[in-house]
Amino acid sequence: MAVRASTLDRRFTERGGRERQRRADLLPYALLLPSIALIVAIVLNPLATGIYYSLNEGSLLRLDGFVGLANYRNLLGMPDFRHAMKFSALFAACSVAGSYLMGLGLALLLNQEIPGRAFFRVALLLPWVIPSIVSIASWRWLIADQNGLVNQALGLVDVGPIFFLSTGDSAMFSVIMIKIWRSFPFMMVSCLAALQSIDRDIYEAARIDGAGRWQSFRDITMPQIFGISVVMWILMTIWSVNDFETPWLLTQGGPSNATENLIVLAYKYTFTRNDVGTGSAIAVVSMIILMTLALLLLRKQRDEQ
Amino acid sequence: MATVSAVSATRRRAFPFGKRALSVVLLAIVVVVDLPIIMMILNSLRRTDEILSGGLLPRAPSLANYQYLIERTPFWTYFGNSVLVAGGATAMTIVVAALAGYALSRYRGRAITGYSRLLLLVQMFPLILTLIPLFILFRELNLVNTRTSVLLLYAVVHLPFATWMFKAFFDAIPRELEEAAQVDGASRIGAFWRIVLRLSGPGIAAVTIFSLLFSYNEYLIASIFLRDEDKMTIPVGVQMFMQQFQTDWGSLMAAATLAMLPTAIFLLFVQKSMVYGSVAGSVKG
């Protein structure tokens with residue numbers, strides 16, 4: 001594809017002659033200008049300012065002075081920062097694994113011609129498209145209350161009630177489960193698209209050679225979708241590390257600080273505790289993590305193409 | 001003979017037993033997976049004391065919760081704000097992203113590659129890092145508590161995804177068409193405007209709906225910049241309900257159900273390109 005496009009490109013400019021070429025050379029910049037202006041104003045400039053804030057002490061009202069890397073040094077000794085690092089990693093790992101397994105499983109089912117397939121696909125996409133606040137509100141009723149559905153069900157078998165959002169471990173478990181629930185549809189549609197691009201003749205040939213279902217899944221399906229799967233894993237890792245809404249709306253980071261990830265912690269330091277230096281430093285740390293992942297993604301995509 | 005052909009005719013229409021069994025299994029999975037949503041809708045039709053008394057189905061379904069919500073709370077104000085912000089941000093995204101997407105689709109070069117990388121950065125970096133300085137900056141500019149601030153931010157945050165989608169749609173349009181138009185005397189911009197955009201109707205529709213969906217759902221930016229009740233969008237408003245109505249599950253479930261409705265409708269429109277959109281978002285660096 002890329003090769004074809006570039007030859008077309010050359011033909012296009014060569015035919016136009018020099019005058020046309022010079023004009024055509026300016027056009028792409030003109031086309032990019034509005035978006036570059038927006039990105040500079042709304043992203044790059046604040047980004048630089050944010051990095052500068054992380055080297056200062058101060059509140060949302062005024063900066064109190066340059067402190068160099070002191071904010072970063074302080075982070076290392078802060079138990080809540082270390083916990084947030086660990087929770088971010090756990091949250092991302094579990095979300096990726098859980099949503100991928102669930103999404104792949106459902107994609108394999110939906111990849112067959114069964115009655116009602118279109119309906120199932122739409123119904124399974126719902127958790128992904130509804131507003132985060134709606135997912136959290138609906139899940140809260142299932143788990144938050146003594147009378148919630150899960151505890152009603154547990155009551156039938158004489159277990160519980162479990163107050164899911166009251167202890168650290170069960171709150172972490174709940175936040176992760178809900179994140180998986182909100183994320184699996186992305187994995188499902190992406191896996192489905194990958195599955196549908198596999199040439200069916202390969203399966204036919206394998207069947208004739210006597211391969212069973214499990215064998216063709218392991219030796220054909222998985223190798224065929226592995227490349228795109230890695231891209232999806234990295235993307236989901238990035239989105240999970242970056243997720244604010246799931247933990248914040250469900251638990252506000254609590255109980256105590258059990259479900260605080262880096263983003264929630266940066267938000268709390270800045271907007272609740274009014275400590276802009278520390279908040280910005282935490283945000284910069286999460287940016288470094290995310291950019292490393294993004295570079296990994298870029299390299300992976302280049303390998304794919 | 002006749003029976004044989006009748007059997008094969010029905011078999012062509014009906015699915016074999018195994019497929020139908022699989023369908024039943026999937027239906028069960030869908031009910032379990034969508035249970036939070038199903039229960040939310042059912043509970044929105046029950047009074048709070050009935051919800052707390054257990055059971056699954058409404059004994060006497062009523063719209064009382066919705067009536068309360070619409071008459072006694074600023075729900076429609078939130079909804080109006082959401083429409084304004086999402087509509088404005090989408091219009092802005094469409095224009096800016098279509099231009100950039102066209103550049104990415106038709107040109108190669110160092111600047112284009114650099115711009116691509118920049119988009120990836122915008123897509124991946126932690127929003128919170130820019131929200132801190134933007135909050136301080138917008139306060140000085142008196143933009144905090146305005147819908148404009150949120151609208152601007154949405155347009156930029158959604159820009160990478162919209163640009164990649166546009167690029168993919170434009171890639172599918174043969175450039176011979178533009179060359180032909182230029183031979184007929186159209187300018188490059190004219191060819192883009194009259195040929196490419198006109199052929200991209202479905203693409204523009206898809207980007208529009210994805211952008212509306214994103215802006216309508218967004219919580220973090222809105223919660224930081226919209227502090228007064230008369231400026232709040234739906235997610236922030238419903239979050240207020242969640243705090244205020246902590247024990248009034250009926251009203252909260254009605255609010256959440258209403259908030260969900262537009263997104264469910266969007267989903268019906270884009271479900272075909274959802275597969276496509278997610279892949280465009282994930283594969284196009």
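Quick note on labels: first sequence line is chain A, next is B, and so on, each numbered from 1.
- When heavy atoms are compared at a cutoff of 4.5 Å, A:F184 approaches chain B solely by way of its side chain, counted from C-beta outward.
- Here the straight-line distance linking atom CD of B:Q123 with atom CG of A:L290 works out to 11.5 Å at 0.5 Å rounding.
- A 4.5 Å side-chain heavy-atom check between A:Y267 and B:L131 finds every atom pair outside the cut-off.
- Proximity to chain A (any heavy atom under 4.5 Å) is restricted, for B:V156, to the side chain, taken from C-beta onward.
- Contacts between A:R140 and chain B at a heavy-atom distance below 4.5 Å involve backbone atoms as well as side-chain atoms.
- For B:E140, no part sits under 4.5 Å from any heavy atom of chain A, backbone or side chain.
- Heavy atoms closer than 4.5 Å to chain B are found in both the backbone and the side chain of A:L61.
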Verdict with supporting geometry, A:L47 and B:L129, side chain to side chain contact (heavy atoms under 4.5 Å, CB included): CA-CA 6 Å; A:L47 201 66; B:L129 182 55; 3.7 Å; yes
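- At a 4.5 Å heavy-atom cutoff, the contact between A:V122 and chain B is made by backbone and side-chain atoms alike.
- In terms of modelled atom types and a separation under 3.5 Å, the side chain of A:W181 and the main chain of B:V33 share a donor-acceptor contact.
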Criterion side chain to side chain contact (heavy atoms under 4.5 Å, CB included) on A:W141 and B:I51, from CA distance to verdict: CA-CA 10 Å; A:W141 184 72; B:I51 297 175; 3.4 Å; yes
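- For A:M188, no part lies under 4.5 angstrom from a heavy atom of chain B.
- Side-chain N or O atoms of B:R106 include none that pairs as donor or acceptor with a backbone N or O of A:P28 at under 3.5 Å.
- No other option in A:F119, A:Y53, A:Y52 has as many heavy-atom pairs under 4.5 Å with chain B as A:Y53.
- Annotation: the span from A:W139 atom CH2 to B:M40 atom CE amounts to 13.0 Å, rounded to 0.5 Å.
- The part of B:L159 that comes within reach of chain A is its side chain, from C-beta onward, which places non-hydrogen atoms under 4.5 angstrom from that chain.
- Nearest approach of B:R139 to A:L60, heavy atoms of both residues: NH2-O, 2.7 Å.
- Remark: B:I37 CD1 to A:S138 OG distance equals 6.0 Å, nearest 0.5 Å.
- Listed here is the closest heavy atom pair of B:T130 and A:I42: CB-O, 4.2 Å.
- Contact of B:I41 with chain A is not made at all, since no heavy-atom distance falls under 4.5 Å.
- Exactly one residue among B:Y107, B:Y102, B:Y115 makes a side chain to side chain contact (heavy atoms under 4.5 Å, CB included) with A:L32. That residue is B:Y115.
- Residue contact with chain B, scored on non-hydrogen atoms closer than 4.5 Å, involves the backbone and the side chain of A:L249 alike.
- With respect to chain A, the highest number of heavy-atom pairs below 4.5 Å among B:T257, B:I224, B:I234 belongs to B:I224.
- Contact annotation for A:M291: only side-chain heavy atoms (C-beta onward) come within less than 4.5 Å of a heavy atom of chain B.
- Looking only at distances, a side-chain donor or acceptor of B:N217 sits under 3.5 Å from a matching main-chain atom of A:V129.
- Residues A:Q112 and B:L22 are in side-chain contact: their nearest non-hydrogen atoms beyond the backbone lie under 4.5 Å apart.
- Looking at A:W248 and B:L220, their side chains never come closer than 4.5 Å, going by heavy atoms from C-beta outward.
- Of the listed residues A:P46, A:P185, A:A283, the one with more heavy-atom pairs under 4.5 angstrom with chain B than any other is A:P46.
- The parts of A:T49 that come within reach of chain B are both its backbone and its side chain, each placing non-hydrogen atoms under 4.5 angstrom from that chain.
- Contact annotation: the side chain of A:L44 approaches that of B:L121 to within less than 4.5 Å [non-hydrogen atoms, C-beta and beyond].
- Side-chain contact between A:I114 and B:R20: absent, with no pair of heavy atoms (C-beta onward) separated by less than 4.5 Å.
- Heavy atoms of other residues, nucleotides or ligands lying less than 6.0 angstrom from CE of B:M242 number more than 12.
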Check against side chain to side chain contact (heavy atoms under 4.5 Å, CB included), B:L104 and A:L31: CA-CA 9 Å; B:L104 288 187; A:L31 292 170; over 6 Å; no
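- Only the side chain of B:M253 has a heavy atom closer than 4.5 Å to any heavy atom of chain A.
- By the 4.5 Å heavy-atom criterion applied to side chains, A:L297 and B:M124 are counted as neighbours.
- Interface remark: of the candidates B:Y219, B:F192, B:F125, B:F214, B:Y219 forms the most heavy-atom pairs closer than 4.5 Å to chain A.
- The aromatic rings of A:F271 and B:F135 stand perpendicular to each other, their planes meeting at an angle above 60°, with 30° marking the opposite boundary.
- When every heavy atom of B:D34 is checked against every heavy atom of A:A123, the shortest pair comes out as OD2-O, 2.8 Å.
- Side-chain contact between B:I128 and A:T270 is absent, with no heavy-atom pair separated by less than 4.5 Å.
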Evaluation steps, side chain to side chain contact (heavy atoms under 4.5 Å, CB included), between A:W128 and B:L267: CA-CA 10 Å; A:W128 192 31; B:L267 172 61; over 6 Å; no
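- Per-residue heavy-atom pair counts under 4.5 Å with chain A were compared for B:L118, B:I189, B:L268, B:V157, and the maximum is reached by B:L118.
- Across all non-hydrogen atoms, the minimal contact from B:S23 to A:F120 is O-CZ, 3.4 Å.
- Of the possible polar contacts, none joining the B:Q239 side chain to the A:I133 backbone as a donor-acceptor pair under 3.5 Å is found.
- At a 4.5 Å heavy-atom cutoff, the contact between A:V284 and chain B is made by backbone and side-chain atoms alike.
- The choice from A:L106, A:N45, A:L33, A:L142 that makes the most heavy-atom pairs within less than 4.5 Å of chain B is A:L142.
- B:P126 places a side-chain heavy atom less than 4.5 Å from the side chain of A:I263.
- Considering all non-hydrogen atoms of both residues, A:I130 and B:T263 come closest at CA-OG1, 3.8 Å.
- Most heavy-atom pairs under 4.5 Å with chain B, from the set A:A137, A:G50, A:P115: that is A:P115.
- A:P34 and B:V96 get closest at one heavy-atom pair: C-CG1, 4.1 Å.
- With a 4.5 Å cut-off on non-hydrogen atoms, B:Y216 touches chain A through its side chain but not through its backbone.
- Heavy-atom pairs under 4.5 Å with chain A peak, among B:L27, B:V25, B:V236, at B:L27.
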